[in-house]
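For reference, positions follow the sequence shown, starting with 1. We use all heavy atoms of the structure for the numbers below, so side chains are in, but hydrogens, waters and symmetry mates are not.
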Amino acid sequence: MKKLVFSQLRRHYPQKPFTPLSAWRGWYSSDSQFNSNPPSQPIPIQPVSYPVKPKDEPTSDQNQSPPPPQHFPQSQQHPEQFRTNPPDFPNQQWTREEIRYVKDSPSISPVSYPARVAPLPEDRVAVEEESPTPDEKAMQSQEMESRRIQAEYQASRRKALEEEAKTPFPKLIKSEKREKRPLFDLMDAIRQVKANARKTFDETVEAHVRLGIPSSRSDLIVRGTLTLPHGGKKVLRIAVFAEGADADEARAAGADVVGGSELIDEILRDGKVDFDKCFTTTQFFPRVVKLARILNNYGLMPDAKQGTVVSNVSVAVKEAKKEQIKYRMDKSSIVHVGLGKVSFTEEILRENVGALMNSLLQAKPAGLKKTSKYVGYVSTFHICSTMGNGFPVSIQSLSKAEDHYDKVYLKSRA
């Protein structure tokens, strides 16, 4: 018995150190004060009995009234909702485990709905239609328009999908290659140009030459001055800066303005010029430099590269009277030159084309590979009128025209 009491003390007060038996005598003594004598008899322990759980008894009659609800003891009762209103089902007695799982389930009672029948047309009540307001009309029209647009979009989309379904994927489209136009002989091309020139004015015959020079090569620029054997109808005023015998030769050749220091002073004083082209001799050129600012404004400053600083004044004036033409290769390596009028004869236009080809061969850059006259230099040659179609010309016929010009005009002068 003592061991049992000590074990209980240690159980409830484990943090306190062990005390001797004399210190605990007051706890189990019958007197309120401390008694050193232990009790003569032990404290009796009374047994506790619990009611036996009744067993389910089968019922013989189904119409027999259900047994009264089973109330669990206080120690075995369920939560508050089952304590106040315990479940009551016929022919069944619930256990604690069963009540635990159905404590939150709501009670379901059968519900019946009346049968629904669609009304017949004659059963419907006719409702008088009220006339819509302007705002309602606008909203209805807007809604109809949106429906129409949506229907059109869906129809177009459906059509596109049908076309895509018909077309196999991927679809390879072969590119159409342009057929090369046949090359014309020079005389045939001139005839075609004259036949297609149907405007009321006298159109200009133009030549467009594509050169085989890369546009990135700024050092290979083709430019020059062309003297046509049969010039246009324009009359040019020629000026010559010279003195003495050179001035007399220029007047004899047909120069319009001839002068020396007095002509230079006059231009410096007025700041204007009244001529279309000017020449000077090599000896007199240093004096003409004074007029550089004025002449450059008109593009008339004499230059040896342009053939305006000459030693033979008479020949230069006669050539200038035949109308010299300046040309220069553009950024796309093409030279554009006017060769005359449509009213000119075929032979005259052919000789002018020969003069152009001779000038292009003389202006051929030195840095270009020289395989032959035309290969690698002249790529294509087209001739046309101002408002007409262009016709490609063969290189063979151009070579023949250049040879004819060389024999008739250049060798005869030599």
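A ring-centre distance under 6.0 Å is not found for Phe241 and Phe284.
Just one of Leu228, Val337, Leu398 meets the side chain to side chain contact (heavy atoms under 4.5 Å, CB included) condition when paired with Val353; it is Leu398.
At a cut-off of 3.5 Å, with distance as the only test, a side-chain donor of Ser332 or Asp330 sits close to an acceptor on the other residue. No side-chain N or O of Tyr327 forms a donor-acceptor pair with one of Thr225 less than 3.5 Å apart. Inspection of the Asp202 and Ser343 side chains reveals an N or O donor paired with an N or O acceptor under 3.5 Å. Inspection of the Gln192 and Asp188 side chains reveals no N or O donor paired with an N or O acceptor under 3.5 Å.
Here Asp403 does not pair with Lys400 in a salt bridge; the nearest charged N to carboxylate O distance is not below 4.0 Å. The pair Lys341-Glu203 does not count as a salt bridge, with every side-chain nitrogen at least 4.0 angstrom from each carboxylate oxygen. Under the 4.0 Å criterion applied to side-chain N and carboxylate O atoms, Glu152 and Arg147 are not assigned as salt-bridge partners. Ion pairing of Arg148 with Glu145 is present here, as a side-chain N (NZ or NE/NH1/NH2) and a carboxylate O approach within less than 4.0 Å.
The neighbour count for Tyr153 OH, taken as heavy atoms of other residues, nucleotides or ligands under 6.0 Å away, does not exceed 12. Residue Arg191 places its CZ atom among more than 12 non-hydrogen atoms of other residues, nucleotides or ligands, all under 6.0 Å distant.
In this structure, the separation between OH on Tyr374 and CD on Gln396 is 10.5 Å, given to the nearest 0.5 Å. We find the CG-CZ distance between Leu268 and Arg293 to be 8.0 Å, quoted to the nearest 0.5 Å.
The side-chain heavy atoms of Val335 and Arg328, taken from C-beta on, include no pair separated by under 4.5 Å. The side-chain heavy atoms of Thr308 and Thr280, taken from C-beta on, include no pair separated by under 4.5 Å. Counting heavy atoms from C-beta on, the side chains of Ser385 and Glu206 never come closer than 4.5 Å. Here the side chains of Lys318 and Val315 are not in contact, with every heavy-atom distance at 4.5 Å or above.
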Please evaluate residues His336 and His208 with respect to the criterion ring pair (Phe, Tyr, Trp, His ring centres under 6.0 Å), reporting the C-alpha separation (whole Å), side-chain torsions for both, the decisive distance (0.1 Å), and the verdict. CA-CA 5 Å; His336 311 275; His208 306 276; 4.9 Å; yes

Can you check side-chain contact (heavy atoms from CB on, under 4.5 Å) on Val310 and Thr281, steps first, answer last? CA-CA 5 Å; Val310 296; Thr281 59; 5.8 Å; no

